[in-house]
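Here is the structure we will look at.
Chain letters run A, B, ... following the sequence lines, proteins first, then strands; residues in each count from 1. Model, not experiment: these values are computed from the prediction.
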2 protein chains.
Amino acid sequence: MRASRFLIATLKETPSDAVVVSHQLMLRAGMTRKLASGLYNWLPLGLRVLRKVEAIVREEMDAAGAQEVLMPVVQPAELWQESGRWEQYGGELLRVKDRHTNDFCLGPTHEEVITDIIRSEINSYKQLPANFYQIQTKFRDETRPRFGVMRAREFLMKDAYSFHASFDSLQSTYDEMHQAYCNIFDRIGLDYRPVLADTGSIGGSASHEFHVLAASGEDDIAFSSESDYAANVELAEALAPVGERPAAGAAMAEVDTPDQRTIDEVAAFLQLDPSQTVKTLVVMGEANDEGEQKLVALILRGDHELNEIKAEKLPGVASPLAFAPEARIQAEFGAAPGSLGPVGVSEAIEVIVDRSAAVLADFCCGANKDGVHLTNVNWERDIALGRIEDLRNVQVNDPSPCGNGVIDIKRGIEVGHIFQLGTKYSEAMNATILDENGKQKPMVMGCYGIGVSRIVAAAIEQNHDDKGIIWPAAIAPFQVALIPINLHKSEAVAENCEALYAELTAAGIDVIYMDEPKARLGVMLADTDLMGIPHRVVVGDRGLEGGTVEYKNRREADKQDVSVDDIVSLLRTQLIG
Amino acid sequence: MRASRFLIATLKETPSDAVVVSHQLMLRAGMTRKLASGLYNWLPLGLRVLRKVEAIVREEMDAAGAQEVLMPVVQPAELWQESGRWEQYGGELLRVKDRHTNDFCLGPTHEEVITDIIRSEINSYKQLPANFYQIQTKFRDETRPRFGVMRAREFLMKDAYSFHASFDSLQSTYDEMHQAYCNIFDRIGLDYRPVLADTGSIGGSASHEFHVLAASGEDDIAFSSESDYAANVELAEALAPVGERPAAGAAMAEVDTPDQRTIDEVAAFLQLDPSQTVKTLVVMGEANDEGEQKLVALILRGDHELNEIKAEKLPGVASPLAFAPEARIQAEFGAAPGSLGPVGVSEAIEVIVDRSAAVLADFCCGANKDGVHLTNVNWERDIALGRIEDLRNVQVNDPSPCGNGVIDIKRGIEVGHIFQLGTKYSEAMNATILDENGKQKPMVMGCYGIGVSRIVAAAIEQNHDDKGIIWPAAIAPFQVALIPINLHKSEAVAENCEALYAELTAAGIDVIYMDEPKARLGVMLADTDLMGIPHRVVVGDRGLEGGTVEYKNRREADKQDVSVDDIVSLLRTQLIG
């Protein structure tokens with residue numbers, strides 16, 4: 001590609017609304033431009049990267065035996081009503097009416113549509129297993145789109161859906177998809193981890209996420225120091241502490257805490273470690289048949305964080321998790337948040353105690369009187385200990401749930417997610433097959449997503465320096481930048497550049513030839529570094545006099561003079577080796 | 001591809017809601033499935049064709065120097081308000097509100113978005129010309145989607161937009177795009193014609209459509225019998241008849257036509273040829289500053305058809321064309337449609353006479369009294385002849401507007417459309433550059449569309465027989481069908497098929513190997529014919545005993561026995577030659 005025929009849209013300044021480095025660099029390198037909140041245009045440079053990622057994903061999905069299909073962006077409401085998600089799915093599902101005022105949505109995912117297709121086309125176990133994928137535009141109306149294409153509203157996704165006659169068959173395809181995903185991220189050249197994950201609103205039984213490790217990641221991933229165990233903190237089990245609860249000490253006592261509302265303030269005031277306190281979080285219970293919801297008090301150690309995903313999965317707790325309104329807390333506890341505790345609460349309120357809070361002795365908690373706390377509280381002695389559950393996020397140095405080593409936590413960017421859906425959708429939508437015995441049964445399903453556009457941003461988060469992007473070779477928009485010095489003055493430079501450009505292009509190498517006659521060398525070097533081109537060849541009269549050009553690898557500091565005759569073979573070696 | 005791993009979803013019956021042959025065959029061959037009105041899923045077979053068309057389009061656009069970008073489906077209302085189309089564009093523009101109740105639309109086209117991008121990125125004539133394209137999902141909320149993917153609501157389109165410092169530069173890129181489109185349709189293997197076209201709601205000065213000729217086409221294309229002239233009938237000029245108007249004969253007279261309302265009924269009753277009558281069509285005039293609209297009477301020969309596109313372009317006529325309400329006609333003419341005519345109409349009504357109607361003598365028209373017509377009416381003698389315009393569609397045997405030969409009319413399916421937009425969008429949206437003299441001026445624009453998904457249907461309209469589709473080689477989903485006889489019984493058949501499959505695949509030939517062990521030969525032959533696979537190889541024990549397999553070309557009736565050793569080289573020759 002000649003730069004004179006290519007939109008190079010680099011920016012010197014970092015746009016002020018770009019927070020994470022990938023967003024900043026995608027804008028600065030001229031890869032994308034914001035159209036509106038969460039909506040991005042892909043300029044030619046960015047699209048070249050996106051298409052390379054897409055091609056790798058397609059090749060590996062094909063190699064794994066998945067069949068490509070294409071389903072519409074706009075989906076009829078009827079199918080979502082059939083699955084129950086028209087009501088369940090929140091505001092991210094953008095609902096629209098067509099000119100005949102029929103209801104549709106912009107597809108955030110395609111379980112309903114593919115299940116609708118397959119229930120018509122497949123009716124025998126003999127036609128299974130089958131796995132269908134598409135690489136297609138999705139829309140999720142995020143409340144707060146952010147980080148550029150990392151969390152956009154419209155984005156490019158590869159989604160696949162597999163259908164099976166048995167759970168064994170699902171497991172086998174699930175394993176193949178797990179491997180295909182590893183192949184994809186290996187080929188792209190990312191430092192990633194498959195981790196155990198929650199199934200979320202998609203539903204189903206087992207699930208893995210694929211995370212690119214990066215400090216800017218929005219997810220916390222828990223790793224074992226001693227094993228392969230890795231799980232999203234959302235899911236990672238916090239084991240019950242080993243050993244017995246210590247014996248109770250001094251008698252429970254009230255203490256005035258008129259100005260202390262947070263755990264840290266109370267602990268400091270009472271000269272306690274926060275781990276000797278408990279906090280009480282009040283959430284809504286599951287609605288009964290009359291639609292009434294009890295309150296549920298969740299009791300955690302003061303230094304621990306509530307895991308909302310774990311909490312909302314508990315029987316008796318509303319899902320999605322909803323914190324109780326303050327007025328109702330005041331009415332039923334007799335105190336405001338900040339002075340709540342498990343002692344003496346009404347029987348109308350269910351109390352659930354976290355495993356770690358359940359082994360405390362002589363702890364401090366709110367007294368259910370505004371501005372008053374209780375000290376030296378003890379389970380069984382002062383207050384019955386009822387239901388105990390795992391309510392909290394794991395922390396660094398917790399014992400690993402795999403039984404080996406302790407937990408370390410790193411940040412990750414989720415770029416892939418695979419699920420064992422089971423029969424959730426096939427049952428709701430009556431997608432059945434005849435089995436070997438001629439009996440109707442629901443198909444078993446899996447689903448497998450990759451955020452194609454998000455991968456581009458994640459790759460940058462992992463591969464950049466103060467000059468700009470450093471692309472992994474497989475997804476670089478161009479592999480080589482060919483840069484002339486004084487093109488408008490030197491015939492020798494022009495001739496050598498044209499010859500090299502022709503030879504490299506003929507060898508199938510993607511070259512950007514910076515052929516604007518009067519472009520300044522410093523600008524071209526800065527631009528091609530910012531754009532992250534892995535290899536750079538500078539052609540100038542001084543070198544040509546000795547028969548050489550200057551080569552530099554974007555990842556290395558050193559330049560080297562290379563004979564004009566050898567540069568093509570050097571680049572070929574670099575690009576293949 | 002092995003059929004056992006590929007969704008073959010052929011149907012024996014033609015779905016009752018499919019009218020045109022391409023829609024019927026796409027459903028029957030298992031290429032697409034309807035999701036909702038105007039929304040189609042592409043199954044694996046159909047998507048293979050779509051992707052091949054897409055690849056050809058992309059290659060030719062790249063070769064023509066266009067740069068690929070990707071813009072969102074969802075577009076903010078602000079840009080459409082800036083161009084004025086938020087109000088002008090009708091119900092096809094699906095307007096949506098996001099969760100924050102901001103206005104957006106689903107993009108039916110992307111002039112506004114690309115102009116918004118380019119006005120920020122390009123500010124000097126030195127950066128021009130530049131041409132950007134995308135292959136992207138469009139949505140147009142058609143009132144009456146029909147003919148499957150031919151006129152769907154969601155579809156895949158290639159749209160390109162070029163930017164220039166001058167009209168000369170636009171013309172040059174326009175010519176290049178014209179050639180690129182010819183290359184695309186040549187490579188796909190379609191019988192098509194570039195034709196002069198109306199610019200429609202997109203706006204601009206010059207325009208060509210690319211039509212695939214097929215009886216099911218929705219457009220009429222006028223060709224000259226003697227030259228290269230071809231134009232959409234919407235646009236083709238109807239020349240004024242040569243020669244003088246005949247002299248007036250008998251005196252004008254009233255005649256009662258109590259039960260005759262149509263031209264044909266009146267002509268039959270009066271024993272006249274319809275070409276000796278005129279009809280009067282009443283449409284709304286352009287609104288004046290107060291928003292008032294006069295009536296306009298359009299006078300055409302009884303056997304001629306009104307060309308609405310020509311009419312709505314005339315000064316004084318409302319655009320889009322709107323027929324006058326009957327109550328208002330009754331009030332201002334004193335008669336209902338069916339008895340209207342140009343004689344004695346109020347001066348408040350503008351009368352526009354078609355060129356052919358203007359040379360009639362002794363003609364018949366309505367008398368502006370219900371149930372009464374006038375005979376022997378003559379211009380100038382009985383009624384002043386004022387404004388004369390070209391109001392009608394050309395007809396077969398009309399003189400060609402190019403000056404050579406006469407008009408022939410064929411049906412066409414519009415698969416491409418190129419426009420010289422000029423400065424319509426750049427002026428409305430303030431997309432300017434500095435020219436050579438440092439002066440700000442609006443960029444000159446062109447735009448270039450191809451209906452990628454529609455091409456698939458158009459190719460079938462032109463290439464099918466009673467057995468099914470007959471794909472042009474370049475876009476066939478598979479090039480070769482490999483069909484075993486008694487696969488489950490014969491080891492020799494299995495071995496030879498596996499060897500052939502491996503060899504053909506290694507040669508880069510797309511093969512569908514019908515490897516379901518117990519599939520019936522007749523079904524496999526019918527399915528692969530229906531799916532339109534260009535080449536077929538049948539492998540059976542009887543042939544293998546003599547060392548042969550059976551080869552058949554989908555376009556030919558004859559089969560031939562070919563040596564097992566020669567079949568691969570025969571296929572290579574067929575596919576390359």
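Of the atoms belonging to Gln136(B), not a single heavy atom falls under 4.5 Å from chain A. With a 4.5 angstrom heavy-atom cutoff, Glu154(A) touches chain B only via side-chain atoms. Contact annotation for Arg2(A): neither backbone nor side-chain heavy atoms come within less than 4.5 Å of a heavy atom of chain B. Only the side chain of Arg33(B) comes within less than 4.5 Å of a heavy atom in chain A; its backbone stays farther off. Within the 4.5 angstrom heavy-atom criterion, only side-chain atoms of Leu106(A), from C-beta onward, approach chain B. Residue contact with chain B, scored on non-hydrogen atoms closer than 4.5 Å, involves the backbone of Glu142(A) exclusively. For chain A, no part of Phe155(B) is nearby; none of its heavy atoms comes within less than 4.5 Å. Using a 4.5 Å cut-off between heavy atoms, Leu43(A) touches chain B through backbone and side chain atoms alike. For a residue to count as touching a neighbouring chain, one of its non-hydrogen atoms must lie under 4.5 Å from one of that chain's; by this rule Leu79(A) touches chain B with the side chain only. Proximity to chain A is limited to the backbone of Lys97(B), based on heavy atoms less than 4.5 angstrom apart. Neither the backbone nor the side chain of Ile114(B) has a heavy atom closer than 4.5 Å to any heavy atom of chain A.
In terms of heavy atoms, Lys158(A) sits closest to Ala160(A) at NZ-CB, 3.8 Å. Contact record, Phe132(A) with Ala130(A): CE1-CB, 3.6 Å, taken as the closest heavy-atom pair.
Under a 3.5 Å cut-off, the side chain of Arg95(A) and the backbone N or O of Asp103(A) do not form any donor-acceptor pair. Side chain of Ser169(B) to main chain of Ala165(B): no donor-acceptor pair is present (N/O by atom type, distance under 3.5 Å, no hydrogens or angles). A donor-acceptor pair under 3.5 Å is formed between the side chain of His100(A) and the backbone N or O of Thr143(B). For Arg454(A) (side chain) and Met150(A) (main-chain N/O), a donor-acceptor pair under 3.5 Å exists by modelled atom type. One N or O on the side chain of Asp515(B) and one on the backbone of Ser4(B) form a donor-acceptor pair closer than 3.5 Å.
If you tally non-hydrogen atom pairs under 4.5 Å between each of Val73(A), Val113(A), Thr137(A) and chain B, the highest count goes to Val73(A). Looking only at heavy-atom pairs under 4.5 Å with chain B, the residue among Leu39(A), Asp116(A), Val74(A), Leu45(A) that has the most is Val74(A). Note: Leu94(A) leads Ile122(A), Val96(A), Leu156(A), Leu94(A) in heavy-atom pairs under 4.5 Å with chain B. Comparing Gln75(B), Arg5(B), Arg99(B), Glu78(B) by heavy-atom pairs within less than 4.5 Å of chain A, the highest count is held by Arg99(B). Of the residues considered (Ala152(A), Pro72(A), Ala36(A)), Pro72(A) shows the highest number of contacts with chain B, using heavy-atom pairs under 4.5 Å. By number of non-hydrogen pairs under 4.5 angstrom with chain B, the leading residue of Leu70(A), Leu47(A), Asp62(A), Asp98(A) is Leu70(A). Among the candidates Pro76(A), Ala9(A), Ser37(A), the residue making the largest number of heavy-atom pairs closer than 4.5 Å to chain B is Pro76(A).
Judged by a 6.0 Å distance limit and a 45° cone about the ring axis, Arg140(A) is not positioned over the six-membered ring of Tyr89(A). Cation-pi geometry between Arg48(A) and Trp42(A) is not satisfied (NZ or CZ under 6.0 Å from the ring centre, within 45° of the ring normal).
Separating the CG atom in Asn41(A) from the CD atom in Glu121(B) is a distance of 9.5 Å, to the nearest 0.5 Å.
Between Phe6(A) and Phe478(A), the ring planes lie perpendicular to each other; the angle is over 60°, past the 30° to 60° tilted range.
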